[in-house]
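Report on one structure; see the data block that follows.
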Amino acid sequence: MTSPTTADEWRALADSLTLPHQAFINGQYVDALSGATFACESPLDGRKLADVASCQEEDAHQAVGAAREAFETGVWRDLPPAKRKKILLRFADLIKANRDELALLETLDMGKPIRFSQAVDIPGAAQTLSWTAEAIDKVYGEIAPTANNQIGMITREPMGVVACIVPWNFPLLMASWKFAPALAAGNSVILKPSEKSPLSALRIAELAQQAGIPDGVFNVLPGFGSSVGRALALHPDVDCLAFTGSTATAKQLLVYSGESNMKRVWLEAGGKSPNIVFADAPDLDKAARAAAQAIAFNQGQVCTAGTRLLVESSIHDEFTEKVKQALQKWQPGDPLDPATTFGAIVDQQQFSKVLDYIATAQQEGAQLTTGGQAVKPESGGYFAQPAIFTGVKNAMRLAREEVFGPVLAVISFDTPEEAVALANDSIYGLAAAVWTSDINKAHKTAKALRAGSVWINNYDGGDMTAPFGGFKQSGHGRDKSLHAFDKYTEIKATWLTLN
Ligand code: NAD
């Protein structure tokens, strides 16, 4: 079947879909035990897409019970690694085979342009699964350097029941960064998608089953953070909580862990990433295009968005103008039109938050250089132009707080030391970029930056081979790469003394 190529064809496909709306527990789609639902609305036009099961504590309890039982019986963890690998590769293939439908669910549900759902989110989730699955039968344990009459074996074991609580900005991709290594390591998983974007997670539950993942091993619980999310985080029989979301929620999860069973908690949280452009950058046009993309991709709703653009003062005006020009390619359009690069903000709440930050930045004395207006009101959806502010001081709210929207703060600096000091003057430490032709300056700056990812002469580089995660209040633990297995396995030392 060929993919739709026009907005009308995507709309026709949307009209033909039966949208998933029930929770998936122990291999079955079920309503919430209370019968409660919540309205899942599209930011494209405010239209209700589905009434989705609103899971609560009792549903969490059911899912945890099923996941525990599957773990204890060993139907998944005791499979030979090569067999688990085969099933997960099949799961990845099924995601690829259903790419158009899954991409459409992402776009309808959270507003991102279909071209990116189709080319980035869904293939990215499938690639995460296949890369991780391929690793299963290639990761070895260790033998300790012991005396001759002893054998010390260091092995990894799955943890048990892993709850994955994820956000809405890349619904399936962020989820896959958690559930793929958790499943690969032999755990049972309960996936809690964001209440703002539950559809793709619900749809892949049946693909997991079709691929051969045993009942109870992969469960999906839609609902609110304050109810089902909290219930999972406090549950005494959840062994590990893998979270991506805001820093505020991340802190709360640490409390829940301490109040319950001291479950492992892995946090991937917010950011306020500095993008440092020195006057000797190798290609200012390329750097400007990257800076525009770093604030506009996914409507700025990216944890690593380059929200603080630190520009050497000698090129400040010239470079800001280049970024402004480059932003012309990132203007709001119909997310279902394959030509659109900039879609809708996820919902009314986030839309208001973005507009509030724009108003606050102006009150604080920053200059709105371009954009920042709400547009397309006739659509009924949530559309705003990307905005650039100049004259920003690092003490302003716009430079300190995560907007999670397309609002760029331009800050000028004079020396490399000042750039590093400004960059590190943040509670966050997720990512940072440096643009310079001077290899010494590049290395020294990269080393001084307190961030989990540093990009030199690019923005947002990396693939499955490199770990991803934050310093400071951007979290801890690493998604992607073999380091991801560290989060979902316990290390056991078995010591044998020979006669
Ligand atoms: P959020 O913290 O509001 O919600 C994230 C998830 O946590 C949702 O599923 C939500 O229902 C759940 N939740 C909320 N309160 C909870 C509670 N008390 N107990 C248990 N679960 C709860 O974040 P969001 O608005 O969905 O996502 C945006 C945030 O995610 C931004 O801060 C962004 O930087 C961050 N993010 C980080 C990364 C990363 O890898 N570091 C990647 C993507 C997004």
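Any value given below was found using the heavy atoms of this structure, including those in side chains, with hydrogens, waters and symmetry copies removed.
Between Glu134 and Ser130, the side chains place no donor N or O within less than 3.5 Å of an acceptor N or O (distance only, hydrogens not considered). A donor atom on one side chain and an acceptor atom on the other are not found under 3.5 Å apart for Gln301 and Lys112. Side-chain contact, Gln350 with Lys196: no donor N or O sits under 3.5 Å from an acceptor N or O. With 3.5 Å as the limit, one finds no donor-acceptor pair spanning the side chains of Asn275 and Trp455.
Closest heavy-atom contact between Lys487 and Met159: O-CE, 3.2 Å.
Using a 30° and 60° split on the angle between ring planes, Phe116 and Trp330 fall in the parallel class, below 30°. Below 30°, between 30° and 60°, or above 60°: for Phe179 and Phe91 the angle between ring planes is below 30°, a parallel geometry.
A salt bridge links Asp239 to Arg68: one of the charged nitrogens lies within less than 4.0 Å of a carboxylate oxygen. A salt bridge is absent between Arg84 and Asp137; no separation between the charged side-chain nitrogens and carboxylate oxygens falls under 4.0 Å. Looking at Glu157 and Arg77, no side-chain N of the basic residue comes within less than 4.0 Å of a carboxylate O on the acidic one, giving no salt bridge. Looking at Lys272 and Glu401, no side-chain N of the basic residue comes within less than 4.0 Å of a carboxylate O on the acidic one, giving no salt bridge. A salt bridge links Asp93 to Lys96: at least one charged side-chain nitrogen sits closer than 4.0 Å to a carboxylate oxygen.
Between atom CG of residue Asp109 and atom CZ of residue Arg203 there is a gap of 14.5 Å, rounded to the nearest 0.5 Å.
Counted within 6.0 Å of NE2 on His476, heavy atoms from surrounding residues, nucleotides or ligands total more than 12; the atom is thus considered enclosed. Enclosure of atom CD in Glu101 by more than 12 non-hydrogen atoms of other residues, nucleotides or ligands within 6.0 angstrom is indicated.
Under the 6.0 Å cut-off for aromatic ring centres, Trp177 and Phe468 qualify, their centroids lying closer than that.
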